[in-house]
2 protein chains.
Amino acid sequence: MLTPERHKLILQLIKEKGVVKIQDLVDLTETSESTIRRDLTQLEEGKYLKRIHGGAARLQGKLQEPSMSEKSSKSLHQKRQIAQYAANLVEEGDSIYLDAGSTVTEMIPFLPAKEIVVVTNGLMHIQALMERNIKTFIIGGFAKEQTKAIIGRGALASLENYRFDKCFMGVNGIHPQFGYTTPDQDEAMIKQMAISLSRESFVLADDTKFSEIAFAKIADLHTAAIITNELNEDQKETYTSKTTIKVVTA
Amino acid sequence: MLTPERHKLILQLIKEKGVVKIQDLVDLTETSESTIRRDLTQLEEGKYLKRIHGGAARLQGKLQEPSMSEKSSKSLHQKRQIAQYAANLVEEGDSIYLDAGSTVTEMIPFLPAKEIVVVTNGLMHIQALMERNIKTFIIGGFAKEQTKAIIGRGALASLENYRFDKCFMGVNGIHPQFGYTTPDQDEAMIKQMAISLSRESFVLADDTKFSEIAFAKIADLHTAAIITNELNEDQKETYTSKTTIKVVTA
DNA sequence: GCAAAAATCAATCATTTTCATCCAAAATTA
DNA sequence: TAATTTTGGATGAAAATGATTGATTTTTGC
């Protein structure tokens with residue numbers, strides 16, 4: 001049984017029954033426990049389910065509020081610093097792409113409102129963008145609940161119609177060898193496409209993010225910068241040495 | 001039986017009956033007394049129940065059911081009635097289009113969740129649809145702030161890729177001569193296109209809505225129904241005489 | 001009311017199940 | 001063919017489980 005088939009089956013079972021046991025999945029798919037475990041790990045990384053001892057469970061609807069721990073923490077402050085730096089890169093008249101993701105959302109309050117056009121696949125961004133009266137386009141496609149992102153074949157086709165001066169990407173992690181990474185292949189494809197449609201690409205990464213499906217090998221980023229902070233000299237070396245990208249400390 | 005399943009079962013039983021005996025839980029879950037005791041200890045720590053000698057009991061004190069606040073306005077009640085009627089028209093396996101608008105939003109809680117696919121241009125719908133785990137696609141295009149609708153050339157192009165079994169339209173008004181009306185030409189075009197892509201079309205209109213740019217002449221609706229209520233006999237005559245549409249009173 | 005009997009309890013331990021990790025074989029791709 | 005990806009099995013660690021023990025609480029019989 002092929003990987004996408006198994007994933008689909010697992011998700012369907014979880015949707016129906018709420019929980020599913022690993023052994024049942026092994027029997028059903030006629031594969032090994034190892035394989036099912038890998039599947040579950042991947043699906044959990046993509047925020048499609050929650051692993052529990054003995055199997056997996058549907059994760060309940062709302063993502064919990066950002067807990068105090070995180071809200072007040074250094075992490076948020078960092079995110080905002082980076083976001084502000086990134087937003088200042090946008091010039092009046094620019095057409096930009098904003099990737100789905102919480103770090104990118106933080107950019108919106110700092111964007112120059114006049115005369116810019118924003119295209120996004122992030123449902124979370126829409127409200128904030130409209131409140132600032134920014135001309136906003138959303139790409140069409142499948143709405144993924146967990147990340148509030150538009151993904152899928154349709155989304156790729158929809159995205160193809162645009163060109164951007166700059167695009168801004170969130171990442172789940174940065175891997176020295178594989179580039180910027182995100183756990184979900186579908187989201188990775190969208191990111192890749194957006195980068196290819198953009199004159200300049202920027203990756204927003206706070207240093208908590210410093211490994212899964214690479215959505216852009218560093219070589220694919222023609223003109224790009226990792227916008228981050230508190231990167232130590234070793235890390236800087238690692239990334240800058242591989243290509244011509246800039247590492248900016250906000 | 002997996003731990004979360006047992007926990008869920010225990011909580012459900014306690015919710016229903018107020019108290020539950022350990023031995024009953026042992027029999028029901030086919031596990032050992034030790035396991036149930038551990039479960040109860042954990043659930044008590046999480047403040048989900050109170051342990052008592054021989055079992056566990058619901059803890060009183062807090063969460064009350066939703067208050068009176070919501071269920072007054074007659075208009076809302078009407079809208080909901082209509083919405084519920086419309087939602088019942090959707091069958092499992094249907095692919096449907098939901099037009100942007102508050103009346104249509106009301107349909108979502110009543111939709112059969114299984115196996116349906118929803119396409120929409122209504123940003124307001126997305127959250128509710130995703131919460132119900134309904135496969136949701138949004139069309140791409142310009143995000144209009146006032147109505148939280150996706151519109152424009154891009155939206156039309158995006159919409160073209162779909163076909164629907166049924167589509168559900170909100171309207172601003174109904175005009176005897178011009179048909180269903182909406183004030184915005186862009187939105188009207190989207191509506192018209194959706195109707196042309198759909199095997200059956202339904203218009204949701206409470207009687208406060210019974211005249212600007214017609215988005216669909218009655219003749220354009222092949223198979224369609226106005227779903228409304230408290231329509232008087234004169235009005236009924238006016239609309240039914242013009243074409244084969246049905247007027248349904250919810 | 002009181003003591004014996006019964007039931008329930010927390011704590012501990014051995015067993016079983018599940019887990020992450022590693023490695024080699026198979027399958028797929030270049 | 002070589003290189004990469006996917007798979008399945010093996011390993012020891014970690015977690016969950018079930019039985020046992022003796023203490024504590026409740027019930028029973030008087």
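Numbered from 1 within each chain, the chains take letters A, B, ... in sequence-line order.
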S.K.: Provide, to the nearest angstrom, the distance between the CD1 atom belonging to A:Ile22 and the P atom belonging to D:dG8.
M.R.: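 Answer to the nearest Å: 14 Å.
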S.K.: Could you list the protein-to-nucleotides 12-16 of chain D atom pairs, N/O on both sides, closer than 3.5 Å?
M.R.:
none

S.K.: Does a donor on one side chain sit under 3.5 Å from an acceptor on the other, for A:Thr41 and A:Arg51?
M.R.: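 Note: A:Thr41 and A:Arg51 side chains meet the donor-acceptor criterion.
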S.K.: Taking 5' to 3' order, which nucleotide of DNA chain C is first and which is last to have an atom within less than 4.0 Å of a heavy atom in chain A?
M.R.: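 Nucleotide range with atoms under 4.0 Å of chain A: C:dT18 to C:dA20.
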S.K.: Run the salt bridge (charged side-chain N to carboxylate O under 4.0 Å, His left out) test on B:Lys166 and B:Glu91 for me, step by step, so that the C-alpha distance in whole Å, both residues' side-chain angles and the decisive distance to 0.1 Å come before the verdict.
M.R.: CA-CA 10 Å; B:Lys166 305 183 175 79; B:Glu91 297 166 87; 3.2 Å; yes
S.K.: Please report the distance, rounded to the nearest Å, between CZ in A:Arg37 and P in D:dA10.
M.R.: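 Computing the A:Arg37:CZ to D:dA10:P distance gives 15 Å.
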S.K.: Could you tell me whether the side chain of B:Lys148 reaches within less than 4.5 Å of the side chain of A:Ile126, counting heavy atoms only?
M.R.: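 They are not in side-chain contact.
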S.K.: Within the 4.5 Å heavy-atom criterion, are A:Arg163 and A:Arg199 side-chain neighbours or not?
M.R.: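 Answer no - side chains too far apart.
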S.K.: Expected output is a numbered-order residue list: members of residues 25-32 of chain B with a heavy atom under 4.0 Å from any atom of DNA chain D. What is it?
M.R.: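 Nucleic-acid contacts, sorted: B:Thr31, B:Ser32.
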S.K.: Compute both the distance and the angle, then confirm whether B:Lys15 meets the cation-pi test with B:Tyr48: under 6.0 Å from the six-membered ring centre, within 45 degrees of the axis.
M.R.: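 Not satisfied by the 6.0 Å and 45° rule.
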S.K.: Is a side-chain donor-acceptor pair under 3.5 Å present for A:Gln23 with A:Asp27?
M.R.: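 Their side chains do contain a donor-acceptor pair, which is all the 3.5 Å distance test asks for.
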S.K.: Side-chain contact test, heavy atoms from C-beta onward, threshold under 4.5 Å: evaluate it for A:Phe168 versus A:Met107 and give yes or no.
M.R.: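 The answer is yes, as the side chains (C-beta and beyond) meet within the 4.5 Å cut-off.
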S.K.: Just do the side-chain hydrogen bond (donor to acceptor under 3.5 Å, both in side chains) check on B:Thr35 and B:Ser32 with the steps written out, would you?
M.R.: CA-CA 5 Å; B:Thr35 297; B:Ser32 70; 3.2 Å; yes
S.K.: Any idea how B:Tyr97 and B:Phe164 line up, ring-wise: parallel (<30°), tilted (30 to 60°), or perpendicular (>60°)?
M.R.: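 Ring orientation, 0 to 90° scale: tilted.
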S.K.: With side-chain hydrogen bond (donor to acceptor under 3.5 Å, both in side chains) as the criterion, how do A:Ser201 and A:Ser198 come out once you've worked through the C-alpha distance, each side chain's angles and the decisive distance to 0.1 Å?
M.R.: CA-CA 6 Å; A:Ser201 306; A:Ser198 191; 4.6 Å; no
S.K.: Could you tell me the separation between the CG atom of A:Leu40 and the P atom of D:dT7, rounded to a whole number of Å?
M.R.: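 My rounded result for the distance is 13 Å.
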S.K.: Reckon A:Ile36 touches a base, only the sugar-phosphate, or nothing at all at heavy-atom distances under 4.0 Å?
M.R.: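 No contact.
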S.K.: Taking the nucleotide of DNA chain C with the closest heavy atom to each, which residue, A:Gln23 or A:Leu2, is nearer the 5' end?
M.R.: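 It is A:Gln23, whose closest nucleotide lies nearer the 5' terminus.
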S.K.: Should the heavy atoms of other residues, nucleotides or ligands under 6.0 Å from CD of B:Glu115 be counted, would the total exceed 12?
M.R.: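 No.
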